[in-house]
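Only one structure is covered here, and it is reproduced in the block below.
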Amino acid sequence: MADLDKCTNINELKQLHALIYKYNLHKDPFVAPKLISALSLCCQTGLAINVFDHVPFPDTRLCNTLIKAHVRNSDPLKAFHVFNEMLRSGISPDNWTYLFLLKACSRYECVQMIHAHVEKLNLYLDLFVCNSLIDAYSKCGIVGIVAARNVFDAMAEKDVVTYNSMINGLVRTGSLSEAKNMFDKMPQRDKVSWNTILDGYVKAGKMSEAFALFERMPWRDVISWSTVISGYTKLGDIEMARVLFDKMPVKNSVPWTIIISGYAEMGLVKEAIELFNKMEEGGFNLDDGTFVSILSASAESGLVGLGKRVHQSITKSGHKCSVLVSNALIDMYGKCGILNKAWDVFNTMDRKDLISWNTMIHGLAMHGYERKALQLFARMKQEGCTPDKVTFVGVLSACSHTGMVEEGICYFYGMEKDYGIVPEIQHYGCLIDLLGRGGRLSEAFQLVHDMPFEPNVVIWGSLLGACRMHNDALLAEKVLNQLMKLEPVNAGNFSLLSNIYATSGDWGNVSNTRLQIRKADNNSPSGVSSIELDDGFHEFTIMDVTHPKSNRIYQLVNGLSQQLKKIDFATDACV
DNA sequence: CTAGGGTTAG
């Protein structure tokens with residue numbers, strides 16, 4: 001029974017759980033915390049809460065265990081709920097309570113609140129609590145780092161963790177030279193110190209300096225190797241990343257995940273799947289981090305094949321999908337346009353969070369299911385989930401894609417009035433797109449001037465698209481002038497204008513614009529597109545004739561655009 | 001305390 005909290009086998013634990021209940025031991029002040037801890041390790045948070053609820057007079061230690069369980073289950077709200085209940089029923093928190101709560105904090109105000117409690121209880125002198133405060137503040141960006149520094153400076157006794165946490169905070173906020181300064185000055189350095197400063201160089205994109213440091217480090221563990229490999233994949237140097245990956249002496253699932261995601265981000269689906277198979281065969285632990293990383297890389301590059309392969313492996317593992325993994329699956333299927341699969345995952349989730357709803361709404365809104373997206377938005381509110389600014393980007397773009405101008409305007413104003421969400425540039429962008437597509441070009445143009453943000457390429461681009469849609473050459477010229485200042489080498493912009501002239505039969509301006517296209521084209525590297533089919537991954541460029549059947553392909557495309565024209569569907573191919 | 005990770009307008 002003493003080793004109860006070390007039991008990680010779910011079946012054994014369930015047997016123990018039954019026995020404990022049978023002998024009424026679950027109310028025992030010694031057994032209950034251990035049982036809660038074990039249940040939460042096996043992701044049985046519901047059962048853990050149940051145990052807690054049956055203890056007649058919970059003490060500080062029991063509450064701490066439950067808080068820890070919620071934090072482990074990435075449910076900070078529930079963790080804070082337990083904390084509030086503690087305070088309400090007069091159970092005094094101790095330094096362990098604050099250690100666990102600080103792990104659950106992601107907002108500055110939240111850390112500040114704990115900080116105030118800690119000061120009041122005079123726990124301020126506890127080294128562990130202070131180290132956690134520095135760490136928690138460091139995760140709150142630029143506002144947090146000042147507060148972290150204040151705690152750091154006020155500490156009479158510091159250990160290596162204090163320095164490491166502070167250095168990590170400086171690295172995260174981009175103050176590499178300050179971090180390096182502190183690293184050089186600290187009394188003694190351990191593995192974590194070296195890895196942290198190494199990560200600083202990597203995060204700053206200084207790979208040659210990072211590599212030099214890596215080579216002269218007194219220790220190199222899996223984390224050091226992974227840090228450097230990840231740096232190379234982020235710079236797109238997958239070859240160098242692979243060389244190091246093959247060379248590293250001991251691997252765990254993290255470097256495997258990094259290299260697979262790296263291949264996926266480059267669109268190299270064959271290599272990614274091959275390595276994923278090898279990773280699975282090698283018996284490496286496939287955890288949430290692995291699934292989420294690779295799925296997100298698949299989503300970004302539109303690699304359905306890899307995404308499906310990962311999904312297969314998740315299903316095969318038999319574990320219930322965490323919210324994080326489910327959300328990543330929804331996003332992957334959504335971005336790849338397989339909406340029924342995304343919908344399946346969404347509907348079978350037992351706990352949805354705000355991001356699940358947002359991701360599903362976006363997926364629907366981007367792939368022609370605008371009405372479904374808006375219905376889902378209504379359902380989300382019915383089920384008691386409060387929308388945020390991201391939700392409204394999805395809602396507004398659903399409206400604009402399906403031409404619901406009045407409804408969109410309503411949602412735009414409702415967002416501040418009903419939810420207190422101040423519109424950001426993305427929301428104005430959607431509204432401008434909505435008005436533009438709806439043919440209300442002058443209103444859209446007016447809004448660009450009246451909104452409280454500087455218009456960017458996305459805004460001007462959407463307005464240019466609207467000009468093309470409604471063949472307004474005069475406005476298009478104005479827009480293109482603005483766009484030129486921000487994006488001088490985008491030939492697509494000119495080609496849109498040229499097509500507007502062509503539609504109105506202004507051939508003089510067509511040839512003028514074409515000349516400018518050629519100029520812009522010479523300044524820009526030619527883009528390569530790619531598509532994934534059943535037999536693998538294919539790359540192609542504009543005017544590509546390398547395919548053996550390219551004649552037949554162009555025939556087909558021309559035939560299709562003829563048919564589209566017949567049903568009054570304008571295409572913008574520039575041939 | 002250090003490596004991989006879920007939603008954001010054309």
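Throughout, protein chains are lettered first and strands after them, A, B, ... in sequence-line order, and every chain is numbered starting at 1. In what follows, every heavy atom counts, from backbone to side chain, and hydrogens, waters and symmetry copies are set aside.
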Could you tell me whether the phosphate oxygens of [N], OP1 or OP2, come under 4.0 Å of any side-chain nitrogen or oxygen in [X]?
X	N	result
A/Lys234	B/dA3	no
A/His401	B/dG10	yes
A/Lys389	B/dA9	no
A/Lys103	B/dC1	yes

Checking all strands, does [X] fall into the base, sugar-phosphate, or nothing category for heavy-atom contacts under 4.0 angstrom?
X	answer
A/Asp388	nothing
A/Thr359	sugar-phosphate
A/Val228	nothing
A/Asn252	base
A/Leu324	base
A/Lys251	nothing
A/Asp159	nothing
A/Ile361	nothing
A/Lys352	nothing
A/Ser261	nothing
A/Val457	base
A/Val323	base
A/Arg189	nothing
A/Gly465	nothing

Taking atom types as modelled, find out whether A/Thr290 and A/Asp287 have a side-chain donor-acceptor pair closer than 3.5 angstrom. yes

Looking at A/Glu280 and A/Arg309, is any side-chain nitrogen of the basic one under 4.0 Å from a carboxylate oxygen of the acidic one? yes

Considering only NZ, NE, NH1 and NH2 on the basic side and carboxylate oxygens on the acidic side, decide whether A/Glu406 and A/Arg440 come within less than 4.0 Å. yes

Considering only side-chain heavy atoms of [X], which listed nucleotide, [options], is closest?
X	options	answer
A/Ser226	B/dA3, B/dC1, B/dT8	B/dA3
A/Thr257	B/dG4, B/dA9, B/dG10	B/dG4
A/Ile258	B/dG4, B/dT8, B/dT2	B/dG4
A/Val192	B/dG5, B/dC1, B/dA9	B/dC1
A/Asn195	B/dG10, B/dT7, B/dT2	B/dT2
A/Cys430	B/dC1, B/dG4, B/dA9	B/dA9
A/Asn456	B/dA3, B/dT2, B/dA9	B/dA9
A/Val458	B/dC1, B/dA9, B/dG4	B/dA9
A/Val292	B/dG4, B/dG5, B/dT8	B/dG5
A/Lys335	B/dT8, B/dT2, B/dA9	B/dT8

In whole Å, what is the span from the [atom1] atom of [X] to the [atom2] atom of [N]?
X	N	atom1	atom2	answer
A/Leu213	B/dT2	CG	P	18 Å
A/Phe377	B/dT7	CZ	P	20 Å
A/Leu434	B/dA9	CG	C1'	11 Å
A/Tyr163	B/dT2	OH	P	19 Å
A/Ile459	B/dT8	CD1	P	17 Å
A/Met332	B/dG5	CE	P	17 Å
A/Met415	B/dA9	CE	P	14 Å
A/Leu170	B/dT2	CG	P	14 Å

Has the side chain of A/Thr290 got a donor or acceptor atom sitting under 3.5 Å from an opposite partner on the base of B/dG4? yes

Dot-bracket for DNA chain B: what is it, with Watson-Crick or G-U pairs under 3.5 Å, [ ] where a pair crosses earlier ones, and | for a pair to another strand? ..........

Proximity of A/Phe214 and A/Trp225 rings by center, below 6.0 Å: yes

Pair A/Trp194 and A/Phe183, ring centroids less than 6.0 Å apart: yes

Side-chain touch A/Arg189/A/Val160, heavy atoms, less than 4.5 angstrom: no

Heavy-atom check, side chain of A/Asn131 versus side chain of A/Asp159, under 4.5 Å: yes

Is the side chain of [X] donor-acceptor paired with the backbone N or O of [Y] at a distance under 3.5 Å, no angle test?
X	Y	result
A/Thr402	A/Ala398	no
A/His427	A/Lys389	yes
A/His70	A/Ala104	no

